[in-house]
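Note that ligands are numbered from 1 as they come in the structure, with each ligand's atoms numbered from 1 the same way. Numbering of residues begins at 1 and proceeds along the displayed sequence.
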Amino acid sequence: MADIKRIGRWLLMKHCLVCKSSKLKTFLSLGPVPLANALLTEDQLEEGELFYPLDVYFCLNCNHVGISNIIPPEKLFKNYFYMTSMSKTMLENLKGLVADAENYIKKGKAPFVVDIGSNDGTLLKLFKANSANVLGVEPATNIAKIAEQDGIPTLNVFFNEESSHTIVKKHGKPSVITATNVFAHVADLDGFMKGVVNLLDENGVFIFENAYLLDLIQHTEFDTIYHEHLCYYAIRPLIVLFNRFGLDIVDAKRIPIHGGSIRVFVKKKGTTKPSQNVIDLIALEKKNKLDDIKTYTKFADDVKKIRKELWTLLEKIKSEGKHIVGYGATAKSTTLLNYCRIGTDFIDYITDSTPLKQNKFSPGMHIPIKSPDVLREKRPDYILLLAWNFADEIIKKEQWFTEAGGHFIKPIPKPGIIKQMD
Ligand code: TYD
Ligand code: ZN
């Protein structure tokens, strides 16, 4: 394969998104990689694709961690393949969010809930079942349509200050705003925050979920780093961010979804005192030195080690003439496979249950994506878990595979064969 990569246009992040400081220190470079969700059709394989640098910074001022290379948002979200409803684990997690939201909802009155980045409407369906009035905001046209067809009113726009005014005018102010796994995607964070402040009812709550920086560092989840994820949040820098907009974190908790996330509850200043959970999480972040650049340089060393170990493992398996396939055509697999240079010489194909992803090819490494049915037709010897965040669900679902003598491989935090099920 010719190794000349066409580099696409991007902007350099010169100031920390959270505190605006220019004291940024790059500690990791994973590129060049293509955009994580830019799956290719067979025709597009011939056309070639664009690659981008993927550098990660640490803000020496507020200790925020983010991506240095900004891709224009319209390039990222025109068509989006991920659908929330595809995973049972996700559904259970969202039920937990709805239950937590109950603590903030006045009894006896149907609340108005706006979900930002509402995807296929899965979360809003749960709120609706609890008799809430709901409205989704979803920039991906294909997914917004699916939600509408399922009876969830959905605005097909980017959420920002301007669209927040449109919502207030037409629908009024919600007492609950939710955003699951979208907060890290926002390039115009100030515009987004102004939108939240404008939209939120005076006594309302903004609840968001996001991957947690502490889990990313502790489990070396470097593949969750890609251009769509501009920010890797911890509580301390988040407090700095919300302060700028007259908001307080009133509660926060760790949740297991997506390799370790946080669910954060935010209200307008002066309405509620921060809980003990918030204080405990700040102490935990300090204890784990999330404020020290050395933590991040060590992380970068660990990432290099994973690349080397994964190569060695896959090479050994291939030298025995065995077959390996990937499980889950995830966004994070784009970082993992491109950074580790794992292509069809190692992986026959990637299986994914999302119909929109099937019969396409993985970005950069061009591994074909197939329906899980193919797994049973010709059983591989090894499955590399690219959707390792759903490992339990997948291993359970594909129990027949291990029973027939197959093995699962986990790529992180230490590449290896999963010995036995719990
Ligand atoms: P996700 O974990 O959200 O990863 P990312 O944010 O990195 O894209 O995506 C999970 C992918 O795995 C999604 O494409 C659906 C697929 N998947 C399966 O194919 N089978 C399964 O049983 C599960 C749980 C997921
Ligand atoms: Zn900062």
*Heavy-atom side-chain contact between Val278 and Leu281 under 4.5 Å*: no
*In chain order, what residues pass the ring pair (Phe, Tyr, Trp, His ring centres under 6.0 Å) check against Phe346, with sequence neighbours excluded?*
Trp311
*Is there at least one pair of N or O atoms, one from Gly328 and one from ligand 1, spaced under 3.5 Å apart?*
no
*Which part of Tyr226 is near ligand 1, with near meaning a heavy atom under 4.0 Å away: side chain, backbone, both or neither?*
side chain
*Does the side chain to side chain donor-acceptor pair (under 3.5 Å) test come out yes or no for Thr335 and Asp223, once each step is laid out?*
CA-CA 5 Å; Thr335 298; Asp223 53 348; over 6 Å; no
_One residue to check: Lys397. Relative to ligand 1, which of side chain, backbone, both or neither has a non-hydrogen atom less than 4.0 Å away?_
side chain
*What atoms in ligand 1 come closer than 4.0 Å to a heavy atom of Lys332?*
1 (P), 2 (O), 4 (O), 5 (P), 7 (O)
*Please say whether more than 12 non-hydrogen atoms of neighbouring residues, nucleotides or ligands are located less than 6.0 Å from CD in Gln44.*
yes
*Which ligand 1 atoms, with their elements, are less than 4.0 angstrom from a heavy-atom of His258?*
3 (O)
*Do Phe183 and Phe206 have side-chain heavy atoms sitting under 4.5 Å apart?*
yes
*Compute the shortest N/O to N/O distance between Thr330 and ligand 1 and return yes if it is under 3.5 Å, no if not.*
no
*Between the candidates Tyr327, Phe390, Trp388, which shows the shortest non-hydrogen contact distance to atom 24 (C) of ligand 1?*
Phe390
*Would you mind finding which of Ile394, Asp352, Thr335, Ile257 brings a heavy atom closest to atom 16 (C) of ligand 1?*
Asp352
*Step by step, work out the salt bridge (charged side-chain N to carboxylate O under 4.0 Å, His left out) result for Asp348 and Lys378.*
CA-CA 11 Å; Asp348 296 352; Lys378 194 172 177 301; 5.9 Å; no
*Against heavy atoms of Ala331, which atoms of ligand 1 measure under 4.0 Å?*
5 (P), 7 (O), 8 (O)
*Are any of the N/O atoms in Glu393 less than 3.5 Å from those in ligand 1?*
no
*So do Asn338 and Leu54 actually touch side chain to side chain, heavy atoms under 4.5 Å?*
no
*Should the proximity of Asn389 to ligand 1, defined as any heavy atom under 4.0 Å, be assigned to the side chain, the backbone, both, or neither?*
side chain
*Would Phe390 and Tyr327 count as a close aromatic pair, with their ring centres under 6.0 Å?*
no
*Test Tyr233 against His64 for ring pair (Phe, Tyr, Trp, His ring centres under 6.0 Å), laying out the working first.*
CA-CA 7 Å; Tyr233 287 115; His64 175 62; 5.4 Å; yes
*Please tell me if the side chains of Pro274 and Val250 come closer than 4.5 Å, counting only heavy atoms from C-beta onward.*
no
*Indicate, as side chain, backbone, both or neither, the part of Ala387 found under 4.0 angstrom from ligand 1 when only non-hydrogen atoms are considered.*
side chain
*Near the Zn ion (ligand 2) (under 2.8 Å) - protein N, O or S atoms*: Cys16 SG, Cys19 SG, Cys59 SG, Cys62 SG
*Go through ligand 1 atom by atom and flag the ones less than 4.0 Å from a non-hydrogen atom of Lys357.*
13 (C), 14 (O)
*Does a side-chain heavy-atom distance below 4.5 Å link Tyr296 with Leu28?*
no
*asked:* Less than 4.5 Å apart, side chain to side chain, heavy atoms only: is that true for Lys268 and Leu200?
replied: yes
